[in-house]
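Following: one structure in structure tokens, then a few remarks.
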Amino acid sequence: MLSLATTSAFATCKSDSSDKKLAGAAANSFMKKCQTDATAKCEADSKEKKLAGAAKTSHMKKCVADSVVN
């Protein structure tokens with residue numbers, strides 16, 4: 001439940017970068033930090049859901065992709 005609220009509460013890295021009109025090195029730096037933050041959030045979500053193995057891998061891949069790209 002927490003993950004759904006967290007995911008919908010934050011815009012994606014890509015949209016945040018566009019909204020802030022970042023370009024070049026600033027955009028790259030922002031995207032790298034945003035992806036790191038998304039990975040940490042998704043890792044915590046995986047632990048909360050007690051996922052392991054293939055289920056964790058699949059969840060992490062989708063969670064990070066949703067946070068960064070969409």
Side-chain angles (χ1 to χ4, degrees):
M1 185 69 172
L2 176 64
S3 66
L4 295 176
T6 304
T7 303
S8 63
F10 296 104
T12 65
C13 298
K14 190 174 182 179
S15 67
D16 280 352
S17 179
S18 294
D19 290 347
K20 293 178 181 190
K21 296 178 174 43
L22 298 175
N28 289 341
S29 177
F30 176 81
M31 289 297 290
K32 186 179 282 188
K33 182 185 182 317
C34 194
Q35 185 170 7
T36 301
D37 293 347
T39 301
K41 177 186 71 74
C42 294
E43 184 70 39
D45 191 43
S46 292
K47 284 184 181 181
E48 182 181 315
K49 293 180 178 182
K50 298 182 173 132
L51 298 176
K56 180 180 178 182
T57 302
S58 176
H59 172 74
M60 288 293 293
K61 186 175 183 179
K62 182 177 182 337
C63 181
V64 171
D66 287 349
S67 296
V68 174
V69 180
N70 292 336

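We use all heavy atoms of the structure for the numbers below, so side chains are in, but hydrogens, waters and symmetry mates are not. Counting begins at 1 with the first residue of the sequence.
In terms of the side chain to side chain contact (heavy atoms under 4.5 Å, CB included) criterion, residue partners of Ala26 (sequence neighbours excluded) are, by chain and number, Leu22. Remark: Glu43 engages Lys56 in a side-chain hydrogen bond (donor to acceptor under 3.5 Å, both in side chains) (not counting sequence neighbours).
Screening residues 20-36 for salt bridge (Lys or Arg N to Asp or Glu O under 4.0 Å) gives Lys33-Asp37 as the qualifying pairs, with residues at least two apart or on separate chains.
Separation of atoms OG (Ser67) and NZ (Lys14) is listed at 14.5 Å; rounding is to 0.5 Å. In this structure, NZ on Lys61 lies 13.5 Å from SG on Cys42, to the nearest 0.5 angstrom.
The backbone N or O of Cys13 lies less than 3.5 Å from no partner atom in the side chain of Ser17, so there is not a single donor-acceptor pair.
You'll find the side chain of Thr39 reaches within 4.5 Å of the side chain of Met60, heavy atoms only.
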